[in-house]
2 protein chains.
Amino acid sequence: MGKDLVGNHIRKLRFNDNEMTQQQLADKVGVTRQTIVALEKGNYSPSLELAFRIARAFGLPLEEVFFYGEDMDQ
Amino acid sequence: MGKDLVGNHIRKLRFNDNEMTQQQLADKVGVTRQTIVALEKGNYSPSLELAFRIARAFGLPLEEVFFYGEDMDQ
DNA sequence: CGACAATGTAAAATAAACTTGACATTGTGT
DNA sequence: ACACAATGTCAAGTTTATTTTACATTGTCG
């Protein structure tokens, strides 16, 4: 809908503890690698459902993976 | 994408403290009333962006308004 | 060098979210 | 009884998320 108000830490999180490839994350949450690429690039924001699945994949609460508005560039 | 794994407390929250009409909430978060109706009925789950705006409208963290999986029927 | 894994990119197609407009129902107040 | 506010519903249309396919780039390892 909106312009670009939702951001995420997916790429960072894939490295930190978790050390996951785009493909592995994609498989784990049940989407294609292209979707992960698009999210990391910030092309669009995911559905709420996918956001939940990704947060789970990292074992984090949703708002530690995705953020809204002001905090955008962190 | 998925079946019906995401639920929400929108309807409850509109009453509790906040006492808001569907139309008022819709205006506040910038969608049409139909969208609110559809969400309350569980027809689909919102975009992540809209989910954030709705949570904000209630002054709550996203995961206190929307929930995933097990907790579905609460 | 040649092979292979991880990533980037891009276009066309499908699915899901959201809008627009219109009408029906229920309850409340006058 | 009439009016009006809040809610429910339905169908057709637009926009955004996601898939599919395909190819290009970089790094590593034999």
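FYI, side chains are in, hydrogens and waters are out, and symmetry mates aren't considered; it's all heavy atoms of this structure. Here is the naming used below: chain letters follow the sequence lines, and residue numbers restart at 1 for every chain.
Across its full length, the helix from C/dC1-D/dG30 to C/dT30-D/dA1 shows an angle of 30° between the axes of its 5 terminal pairs at either end, rounded to 10 degrees.
Contact detail for B/Ile10 and B/Phe58: the closest heavy-atom pair is O-CZ, 4.0 Å. Of all heavy-atom pairs spanning A/Arg53 and A/Val31, the tightest one is NH2-CG1, 4.2 Å. Pairing each heavy atom of B/Ala51 with each of B/Pro46, the nearest pair is CB-CG, 4.1 Å.
Between A/Phe66 and A/Ser45, the closest side-chain pair of non-hydrogen atoms is not below 4.5 Å. Between B/Thr35 and B/Leu50 the shortest side-chain heavy-atom distance falls below 4.5 Å. In this structure the side chain of A/Glu63 never reaches within 4.5 angstrom of the side chain of A/Tyr68, judged on heavy atoms.
Distance CD1 (B/Ile54) to C1' (C/dC18): 12 Å, rounded to an integer number of Å. Here D/dT18 presents its P atom at 14 Å from CD of A/Glu40, a figure rounded to the nearest Å. Atom-to-atom, CG of A/Leu39 to P of D/dT18 comes out at 6 Å; the value is rounded to the nearest Å. The nearest whole Å value for the distance from the NZ atom in B/Lys41 to the P atom in C/dA16 is 17 Å. Regarding A/Arg14, its CZ atom lies at a distance of 9 Å from the C1' atom of C/dA6, rounded to whole Å. Taking atom CZ of residue B/Arg11 and atom P of nucleotide D/dA6, one finds them 13 Å apart after rounding to whole Å. When the C1' atom of C/dA11 is taken as reference, atom CG of A/Asn43 falls 14 Å away, rounded to whole Å. Rounded to whole angstrom, the span from the CE atom of A/Met20 across to the P atom of C/dT7 amounts to 12 Å.
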Nucleotides 28-30 of chain C: which of its N/O atoms have a protein N/O under 3.5 Å away?
none

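Between B/Thr21 and A/Ala38, the residue whose closest nucleotide on DNA chain D is further toward the 5' end is B/Thr21.
Here the options are B/Asn8, B/Leu5, B/Leu62, the test is side chain to side chain contact (heavy atoms under 4.5 Å, CB included), and the partner is A/Leu48; only B/Leu62 passes.
Residues that satisfy the side chain to side chain donor-acceptor pair (under 3.5 Å) test with B/Thr21, not counting sequence neighbours, are absent from this structure. Annotation: side chain to side chain contact (heavy atoms under 4.5 Å, CB included) contacts of B/Arg11 (sequence neighbours excluded): B/Arg14, B/Phe15, B/Gln22, B/Glu40.
Taking the six-membered ring for Trp and the full ring otherwise, the centers of A/His9 and A/Phe67 sit less than 6.0 Å from each other.
Closest to the side chain of A/Ser47, from the set D/dA17, D/dT7, C/dT20, is D/dA17. Distance from the side chain of A/Gln22 is smallest for C/dT7 among the nucleotides C/dT7, D/dT9, C/dC18. Which of D/dT19, D/dT7, C/dT7 sits closest to the side chain of A/Phe15 comes down to C/dT7.
From A/Asn43, atom CG reaches atom CG of A/Leu39 across 8.5 Å, with rounding to the nearest 0.5 Å.
Pairs of residues two or more places apart, or lying in two chains, never qualify as salt bridge (Lys or Arg N to Asp or Glu O under 4.0 Å) while including a residue from residues 19-34 of chain A.
Here A/Thr35 does not reach the OP1 or OP2 of D/dT18: none of its side-chain N or O atoms lies under 4.0 Å away.
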A correct 5'-to-3' footprint of nucleotides 21-30 of chain D, with B, S and - meaning base, sugar-phosphate only and no protein heavy atom under 4.0 Å, is BB--------
